[in-house]
Visitor: 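This structure is in structure tokens; I'll ask about it shortly.
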Amino acid sequence: MTADDGTPQGNSAYARLLMELREGRLNPGDRLRETELAERLGMSRTPVREAIRQLEADGIVTHLPRQGASIRSLDYAEVMELYEMRAVLEGTAARLATRAASDIEIEELFDMNRQMKSLGSAPEAFILNRQFHAALLDASKNRFLTRSIHALQRALMILGPTTLTEPDRAEKAVEEHFGVLDAIKARDGSLAEAAMRAHIEAAQRVRVRALRARPDQTPSYDGDLL
């Protein structure tokens, strides 16, 4: 069964649910009722069921007693662990890009970041930010790293909209990107990795502040997290 664009309809349902997660239209705790989703997405229940199963395999959906399929909630420890792994993986991507990226790829990354700077905190900047990170990952030229980061990104979608929606975060992210790119252009792998790790950790701090403000979260802290 295929959608209008020729892609498998199950994949179409999956992609659309992922988009709703990314945009904050689906949130942790939301129930996924096949009939309602099928009606809203304009397709039969079968591809919707397949999409829910794929989201469950991704760790995004869980089945709760007397409630059925629901979007998972991440606790404080899981958020910290995800960002720690993101810093490791994307830091590695930046380091690999210093030796693998062509001059044309590096200049394209600079152009993307300049465009992002001109957009400020407009929604288009959030899309461009995802494209920037994807292009940098492509420039690292490591398929196994790419798969690992894509799996991590799907889990991070549970957290909802990007941290760039926070005041001043978009502007700071652009400057952090330039730091990473300057190191890549200089072919300094250690500096590029450190700059990317710092960029991800800055986003992590914004995410943690938002998490603390949630009424359902009462995180416990230890010396490693202060």
Visitor: Heavy atoms only: give me the nearest Asp30-Arg25 pair and the separation to one decimal.
Guide: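 Residues Asp30 and Arg25, closest heavy atoms: OD2-O, 4.2 Å.
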
Visitor: Would you say the side chain of Glu23 lies within less than 4.5 Å of the side chain of Met19, judging by non-hydrogen atoms?
Guide: yes

Visitor: Side chains of Leu159 and Tyr83: closer than 4.5 Å at any heavy-atom pair?
Guide: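 Yes, at least one pair of side-chain atoms sits under 4.5 Å.
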
Visitor: I need the Ser121 OG to Asp168 CG distance, nearest 0.5 Å.
Guide: 9.0 Å

Visitor: For a quick test of reading the model, state the closest non-hydrogen atom pair linking Ser102 to Arg187 and the distance between them.
Guide: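 In terms of heavy atoms, the two residues are closest at C-NH2, 4.2 Å.
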
Visitor: Is atom CD of Glu171 surrounded by more than 12 heavy atoms (other residues, nucleotides or ligands) closer than 6.0 Å?
Guide: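 For Glu171, atom CD is not crowded (no more than 12 foreign heavy atoms under 6.0 Å).
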
Visitor: Is there a path from Val206 to Leu74 through hydrophobic residues (I, L, V, M, F, W, Y) whose side chains come within less than 4.5 Å of each other?
Guide: no

Visitor: Quick one: closest heavy-atom pair of Ala94 and Val180, and the distance?
Guide: CB-CG1, 4.2 Å

Visitor: Nearest heavy-atom pair of Asn113 and Leu181: which atoms, and what distance?
Guide: CB-CD1, 4.2 Å

Visitor: Hey, are the side chains of Met80 and Gln204 touching, using non-hydrogen atoms and a 4.5 Å cut-off?
Guide: yes

Visitor: Please test Arg205 against Glu166 for salt bridge (charged side-chain N to carboxylate O under 4.0 Å, His left out), starting from the C-alpha separation and ending with a verdict.
Guide: CA-CA 11 Å; Arg205 287 191 289 272; Glu166 295 295 316; over 6 Å; no

Visitor: Nearest heavy-atom pair of Gly59 and Ile158: which atoms, and what distance?
Guide: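 It is O-CD1, 3.7 Å.
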
Visitor: I'd like to know if the side chain of Asp111 pairs up with that of Gln115 as donor and acceptor (distance under 3.5 Å, no hydrogens or angles considered).
Guide: no

Visitor: Which heavy atom of Ser140 sits nearest a heavy atom of Leu145, and at what distance?
Guide: OG-CD2, 4.1 Å

Visitor: Step by step, would you call Leu82 with Gln153 a side chain to side chain contact (heavy atoms under 4.5 Å, CB included)?
Guide: CA-CA 9 Å; Leu82 280 170; Gln153 288 171 339; over 6 Å; no

Visitor: So for atom NZ, which belongs to Lys117, do other residues, nucleotides or ligands contribute more than 12 heavy atoms lying within a distance under 6.0 Å?
Guide: no

Visitor: Does a side-chain N-to-carboxylate-O contact under 4.0 Å join Glu36 and Arg45?
Guide: no

Visitor: Between atom CZ of Arg130 and atom OG1 of Thr162, what is the distance when rounded to the nearest 0.5 Å?
Guide: 8.0 Å

Visitor: Any salt bridge between Lys185 and Asp182, counting N to O under 4.0 Å?
Guide: no

Visitor: Consider only side-chain heavy atoms of I, L, V, M, F, W and Y, link residues closer than 4.5 Å, and tell whether Leu55 and Leu41 are in one cluster.
Guide: yes

Visitor: Quick check for you: to the nearest 0.5 Å, what is the distance between Thr98 atom OG1 and Ile106 atom CD1?
Guide: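 The OG1 atom of Thr98 sits 8.5 Å away from the CD1 atom of Ile106.
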
Visitor: Do Glu176 and Arg169 pass the salt bridge (charged side-chain N to carboxylate O under 4.0 Å, His left out) test, and can you show the C-alpha distance, the side-chain angles, and the key distance before you say yes or no?
Guide: CA-CA 10 Å; Glu176 291 160 10; Arg169 179 61 198 143; 2.8 Å; yes

Visitor: Would you check if Leu26 and Leu32 make a side-chain contact, meaning some heavy-atom pair closer than 4.5 Å?
Guide: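 Yes, side chains in contact.
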
Visitor: Any side-chain heavy atom of Asn27 within less than 4.5 Å of one from Ile71?
Guide: no

Visitor: What is the ring orientation for His177 with Phe132, classed by angle as parallel under 30°, tilted 30 to 60°, or perpendicular over 60°?
Guide: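 Rings of His177 and Phe132: parallel, as their planes differ by under 30°.
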
Visitor: Do Arg114 and Glu107 meet the salt-bridge criterion of a basic N to acidic O distance under 4.0 Å?
Guide: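 Arg114 and Glu107: salt-bridged.
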
Visitor: Could you go through the side chain to side chain contact (heavy atoms under 4.5 Å, CB included) check for Val208 and Tyr76 one step at a time?
Guide: CA-CA 8 Å; Val208 167; Tyr76 180 83; 3.9 Å; yes

Visitor: Under the criterion side chain to side chain contact (heavy atoms under 4.5 Å, CB included), I'd like the reasoning laid out for Arg22 against Arg154: C-alpha separation, chi angles, the key distance, then a yes or no.
Guide: CA-CA 9 Å; Arg22 184 183 290 118; Arg154 285 192 290 272; over 6 Å; no

Visitor: Report yes if some heavy atom in the side chain of Arg72 is under 4.5 Å from a heavy atom in the side chain of Glu78; otherwise report no.
Guide: yes

Visitor: Counting C-beta onward and ignoring hydrogens, is there a side-chain heavy-atom pair between Ile60 and Leu17 closer than 4.5 Å?
Guide: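 No - every pair of side-chain heavy atoms lies 4.5 Å or more apart.
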
Visitor: Do the side chains of Met196 and Val88 get nearer than 4.5 Å, heavy atoms only?
Guide: no

Visitor: Using side chain to side chain contact (heavy atoms under 4.5 Å, CB included), reason through Ile184 and Glu105 one step at a time and then give a plain yes or no.
Guide: CA-CA 11 Å; Ile184 292 175; Glu105 286 174 313; over 6 Å; no

Visitor: Could you note down all residue pairs passing salt bridge (Lys or Arg N to Asp or Glu O under 4.0 Å) where residues 86-99 supplies at least one of them, sequence neighbours left out?
Guide: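 Counting only pairs at least two positions apart or across chains, the salt bridge (Lys or Arg N to Asp or Glu O under 4.0 Å) contacts touching residues 86-99 are Arg86-Glu90, Arg95-Glu193.
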
Visitor: Hey, any chance Ile200 and Leu128 share a hydrophobic cluster, counting ILVMFWY side chains that come within less than 4.5 Å of each other, even indirectly?
Guide: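 Same cluster: Ile200 reaches Leu128 through Ile, Leu, Val, Met, Phe, Trp or Tyr contacts under 4.5 Å.
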
Visitor: What is the distance from atom CG of Asp58 to atom CG of Leu152, rounded to the nearest 0.5 Å?
Guide: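 Answer rounded to 0.5 Å: 12.0 Å.
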
Visitor: Distance check, rounded to the nearest 0.5 Å: His63 atom NE2 versus Glu56 atom CD?
Guide: 4.0 Å

Visitor: Give, for atom CG of Leu137 and atom OG of Ser148, the distance between the pair rounded to the nearest 0.5 Å.
Guide: 9.5 Å

